[in-house]
Novice: 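Dumping the structure here so I can ask a few things about it.
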Amino acid sequence: MAGFSWYLSEGFQVIIEKSKEAKCSLQDVQLRFLCPDDLEEVRSLCRDWFPIEYPQSWYEDITSSERFFALAAIYKTQIIGLIVAEIKPYLKLNAEDRGILSRWFASKDTLVAYILSLGVVRSYRRSGVATMLLDVLMNHLAGPVAQLPHEHRVKAIFLHVLTTNNEAIHFYEKRRFRLHSFLPYYYSIKGHCRDGFTYVYYVNGGHAPWGIYDYVKYVARAAWSGGGLYPWLWRKLRTALTIAWHR
């Protein structure tokens, strides 16, 4: 990811459009978290980017609550892009999202990150700004150094996207997000029902629910990594015989 500098201070994905040339250099883009003073500017941007009207409380939350990872890309004092993700317990997800993780992770300690919004000002799209914002979120949640308070408890990063938003779908698939499920009539836009997809990126050892093939593959990998299949089977058999003998 290109260099950048820091200074203090239910979701749709923007359609990413092509532009002939980059309007800014990432070296000149600064990153900071949203603050309450950004509310009006963020609301104006979201009205331009997204096909629904968010309530006032939503803007108040993302610009002030620590529950959200709300990061802005700043160029010449203006917000040209932002990403908003909510970090929350897996057990508190809606029913349609519970299946993104295996039951092995059904614990109060397991967290997930839900990307509510990722948007870039039209004239700065295709400049790498969206990728920069997404990379920072992913590194924060799954980087080599644990980031408090989430540490490495986040096992999945997921989002919902309109099935017709081909540019956004291509953007996430290029970054190894996997299509998880189809959500018929998930969105209501201007009185019309629209279908959606769920896309997931697994981090920190998280994975989707397994089938028989996945379990067989896991056992085989564990056996070979332990020095070969036969030694592994012999160790298991020896353990079983020892238990039976002492009984």
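Positions are given from 1, in the same order as the sequence printed here.
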Novice: Does a donor on one side chain and an acceptor on the other come within less than 3.5 Å for Arg194 and Thr164?
Specialist: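 On atom types as modelled, these side chains qualify, holding a pair under 3.5 Å.
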
Novice: Compute the ring centroids of His180 and Phe158, then answer whether they are less than 6.0 Å apart.
Specialist: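 When the ring centroids of His180 and Phe158 are compared, they turn out to be at least 6.0 Å apart.
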
Novice: Answer with yes or no whether the side chains of His160 and Tyr114 bring together a donor and an acceptor at under 3.5 Å.
Specialist: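 His160 and Tyr114 do have a side-chain donor-acceptor pair below 3.5 Å.
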
Novice: Would you confirm whether Ser127, through its side chain, and Val129, through its main-chain N or O, come within 3.5 Å as a donor-acceptor pair?
Specialist: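 No, the answer is negative, given that no donor and acceptor are paired below the 3.5 Å cut-off.
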
Novice: Of the non-hydrogen atoms in Ile79 and Leu82, which two are nearest, and what is the gap between them?
Specialist: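 Nearest heavy atoms, Ile79 then Leu82: CG2-CD2, 4.5 Å.
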
Novice: Under 3.5 Å, is there a donor-acceptor pair between the side chain of Lys155 and the main chain of Asn204?
Specialist: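 Side chain of Lys155 to backbone of Asn204, a donor-acceptor pair under 3.5 Å: yes, one is there.
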
Novice: Answer yes if the ring centres of Tyr172 and Tyr199 are under 6.0 angstrom apart, and no otherwise.
Specialist: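 Tyr172 vs Tyr199: aromatic centres not under 6.0 Å.
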
Novice: Charged N to carboxylate O under 4.0 angstrom, Arg43 versus Glu60?
Specialist: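 Answer for the salt bridge query: no.
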
Novice: Taking the six-membered ring of Phe50, is the NZ or CZ of Arg47 close enough (under 6.0 Å from the centre) and on axis enough (within 45°)?
Specialist: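 No, cation not above the ring by the 6.0 Å, 45° rule.
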
Novice: Which heavy atom in Ala156 sits nearest to a heavy atom in Tyr202, and how many Å separate them?
Specialist: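 Taking every non-hydrogen atom into account, CB-CD2, 4.1 Å.
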
Novice: Would you check if there is a donor-acceptor pair between the side chains of Tyr75 and Gln30 at a distance under 3.5 Å?
Specialist: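 Looking only at side-chain atoms, Tyr75 and Gln30 do not form any donor-acceptor pair under 3.5 Å.
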
Novice: Taking Ser64 for the side chain and Pro36 for the main chain, is one N or O donor matched with an acceptor at less than 3.5 Å?
Specialist: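 Here the side-chain-to-backbone pair does not exist.
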
Novice: Phe69 vs His140 aromatic rings, parallel, tilted or perpendicular, using cut-offs 30° and 60°?
Specialist: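 The arrangement is tilted - the two ring planes meet at 30° to 60°.
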
Novice: Please determine if Arg32 and Asp38 form a salt bridge, counting it only when a charged side-chain N lies under 4.0 Å from a carboxylate O.
Specialist: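 Salt bridge: yes.
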
